[in-house]
Q: 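Take this structure, written in C-alpha cells, and hold onto it; I'll ask about it next.
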Amino acid sequence: MGLKIYVDGKFVPEEDAKVSVFDHGFLYGDGVFEGIRAYHNSVFKLNEHIDRLYDSAHAINMQIPLTKAEMTEVVLETCRQNDLQDCYIRAVVSRGKGDLGMDPRKCPVPTVVCIASSISLYPDEMYETGLEVITVPTRRNGPEGVNPRIKSLNYLNNIMAKIEANIAGVSEAILLNQEGYVAECTGDNIFMVKNGILKTPAVHNGLLEGVTRNEVIKLAKQMGIEVQETTFTRFDLFIADEVFLTGTAAELIPVTSIDARVIADGKPGPIFGKLATGFREVVKQPGSVIFKKKPKTSKKSKK
Ligand code: PMP
C-alpha cells in the first residue's frame with residue numbers, strides 16, 4: 001500500500017509508523033478518534049469531526065497538543081501526502097506514553113496519528129438488497145459509564161456486539177440501551193420510517209451523535225419529511241415500513257431483516273431511496289478542500 005502516515009508531527013512510511021507499547025491508547029484504550037471521509041477532493045464535514053474529536057478529548061480530560069486549525073491541516077495534509085481525493089481518514093489521539101500504571105498523569109504528551117486510506121464495511125450488493133441484522137445480548141454502555149457520545153478508543157462494547165453478530169452469521173448488530181430501548185449499531189446510527197415519519201433514537205438513549213445521522217436529519221427536514229428524535233423498541237423496528245443505518249464509513253445502507261423478521265416487503269424503501277440519493281448529492285458539495293487549484297498565471301497579467 002505504501003501509505004504515508006502522520007505520527008506526532010512527521011509523515012512516515014506505514015512500516016515506520018509506530019507508537020510505544022507504553023502508550024496508554026494501546027495499554028488501556030485511553031484516547032479518542034474520528035473516522036472522516038473525503039469525496040472528490042473535499043473532506044466532508046471536517047469541522048464537525050474536529051469539534052467532536054475535541055469534545056471527546058475534553059470529556060476524558062485530555063488536552064490535544066494541536067489547535068483545531070492545526071489538526072484540520074494535519075487531516076488535509078495527510079490526504080495530500082497520499083495523493084488521495086476520495087478516502088477514509090482516521091485521526092487518533094491517545095493519552096500517550098506512560099508507565100504500566102493507568103494514571104494518565106504519567107503520560108505527559110498525547111500521541112497524534114492520522115491515516116488516510118480506504119474502508120469497506122459491507123459488501124456492495126447489500127446497498128441494493130439490504131442488510132440482515134440482529135439485536136444482540138450485549139447492551140450499549142450507559143452514559144453513567146463511558147458515555148457513548150465520547151468517541152473513545154475503547155470499542156470493546158461495540159466489538160462484543162460485532163462478535164455476536166458474526167457468530168449469528170449476520171452483517172450487523174443492534175445494541176439496546178440499559179433500559180431495553182434501541183440505541184445504535186456497532187459503528188452506525190439507526191433510523192426507521194413509520195407512516196411517513198422518520199425516527200431515530202434521541203442522543204439521551206446512549207449513542208454516538210453521528211455526523212451522518214445529523215446530516216440525514218437535516219436533509220430529511222429539507223425534503224419536508226417529518227423527523228422525530230425519540231425512543232423506540234425492537235417491536236417498533238419489527239413493524240417499521242423502513243429501517244436503515246448511517247455512518248461515515250457505511251454512508252446510508254438499508255436493513256431488510258431484524259431478528260429474522262422481514263421489514264415491510266423486504267426491500268429498501270422509498271424514503272431511504274430519496275435520502276440516499278440526496279446524501280450522494282450533499283457529499284458532492286465542496287467542503288474542506290484537499291488540493292487547492294493553483295491560481296492561473298496568465299501571460300497578460302505578468303506584463
Ligand atoms: N455509532 C458509532 C458507535 C460509531 O462508531 C459511528 C461511526 N463513527 C457512528 C455511530 C456513526 O457516526 P458518524 O456518522 O459520525 O460516522
Q: Walk me through it: do Arg52 and Glu34 pass the test salt bridge (Lys or Arg N to Asp or Glu O under 4.0 Å)?
A: CA-CA 8 Å; Arg52 190 170 66 183; Glu34 275 301 316; 2.8 Å; yes
Q: Within the supplied structure, the quantity of interest is the number of heavy atoms (other residues, nucleotides, ligands) at a distance under 6.0 Å from Lys106 NZ; does it exceed 12?
A: no
Q: For a side-chain hydrogen bond (donor to acceptor under 3.5 Å, both in side chains) check, start with the C-alpha distance between Asn214 and Glu48, then their side-chain angles and the critical distance, and finish with the verdict.
A: CA-CA 10 Å; Asn214 289 350; Glu48 285 79 350; over 6 Å; no
Q: Which heavy atom of Glu172 sits nearest a heavy atom of Leu245, and at what distance?
A: CG-CD1, 3.8 Å
Q: Could you pull out the closest heavy-atom pair between Tyr6 and Leu66, with the gap in Å?
A: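 Smallest heavy-atom distance, with atoms named: OH-CD1, 4.0 Å.
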Q: Please determine whether a side-chain nitrogen of the Lys or Arg among Arg37 and Glu251 lies less than 4.0 Å from a carboxylate oxygen of the Asp or Glu.
A: yes
Q: Is the centre of the Phe44 ring less than 6.0 Å from the centre of the Phe279 ring?
A: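 Yes, they do, as the ring centres are separated by less than 6.0 Å.
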Q: Tell me whether the count of non-hydrogen atoms from other residues, nucleotides or ligands lying under 6.0 Å of OH in Tyr28 goes above 12.
A: yes
Q: Taking all non-hydrogen atoms of both residues, which atom of Asp236 and which atom of Met192 are closest, and how far apart?
A: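 Smallest interatomic distance, heavy atoms only, reads O-CE, 3.8 Å.
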Q: Quick one: do Tyr127 and Leu252 end up in the same hydrophobic cluster if we chain Ile, Leu, Val, Met, Phe, Trp and Tyr together by side-chain heavy atoms under 4.5 Å apart?
A: no
Q: Are Phe232 and Leu198 joined in one hydrophobic group, where the rule is that I, L, V, M, F, W and Y side chains link up if heavy atoms are under 4.5 Å apart?
A: no
Q: Identify the two heavy atoms, one from Ile290 and one from Ala38, that lie closest to each other, and give their separation to 0.1 Å.
A: CD1-CB, 3.7 Å
Q: Please walk me through it: do Asp23 and Lys97 pass salt bridge (Lys or Arg N to Asp or Glu O under 4.0 Å)?
A: CA-CA 4 Å; Asp23 194 296; Lys97 194 174 158 190; over 6 Å; no
Q: Could you tell me whether the side chain of Tyr39 reaches within less than 4.5 Å of the side chain of Lys284, counting heavy atoms only?
A: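 A side-chain contact is absent here, since even the closest heavy-atom pair is not under 4.5 Å.
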Q: Could you go step by step and tell me if Leu175 and Thr186 meet the side-chain contact (heavy atoms from CB on, under 4.5 Å) rule?
A: CA-CA 7 Å; Leu175 291 99; Thr186 62; 4.2 Å; yes
Q: Can you confirm whether His40 sits close enough to Asp86 that some side-chain heavy atom of one is under 4.5 Å from a side-chain heavy atom of the other?
A: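 Yes, at least one pair of side-chain atoms sits under 4.5 Å.
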Q: For Phe33 and Ser152, which heavy atoms make the closest approach, and how far apart are they?
A: CE2-O, 3.3 Å
Q: I'd like to know if Asp51 and Lys68 make a salt bridge, using a cut-off of under 4.0 Å between side-chain N and carboxylate O.
A: yes
Q: Could you check whether Arg140 pairs with Glu179 (Lys NZ or Arg NE/NH1/NH2 to Asp/Glu carboxylate O, under 4.0 Å)?
A: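 Result for this pair is no, no salt bridge flagged.
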Q: Which heavy-atom pair separates Val32 from Ser56 by the least distance, and what is that distance?
A: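 Shortest heavy-atom contact: CG1-CB, 3.6 Å.
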Q: Between the side chains of Glu164 and Thr138, is a donor N or O closer than 3.5 angstrom to an acceptor N or O?
A: yes
Q: When clusters are formed by joining ILVMFWY residues with side-chain heavy atoms under 4.5 Å apart, either directly or through shared neighbours, do Val19 and Val92 land in the same one?
A: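 Same cluster: Val19 reaches Val92 through Ile, Leu, Val, Met, Phe, Trp or Tyr contacts under 4.5 Å.
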Q: Is the number of heavy atoms from other residues, nucleotides or ligands under 6.0 Å of Glu73 CD greater than 12?
A: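 Result for CD/Glu73: enclosed.
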Q: Go through the steps for Val12 and Lys18 under the test side-chain contact (heavy atoms from CB on, under 4.5 Å), then give the verdict.
A: CA-CA 9 Å; Val12 293; Lys18 294 181 178 141; over 6 Å; no
Q: Indicate yes or no: does Arg213 engage Glu229 in a salt bridge with an N to O separation below 4.0 Å.
A: yes
Q: Could you see if Phe272 belongs to whatever hydrophobic cluster contains Leu237? Use Ile, Leu, Val, Met, Phe, Trp, Tyr and a side-chain cutoff under 4.5 Å.
A: no
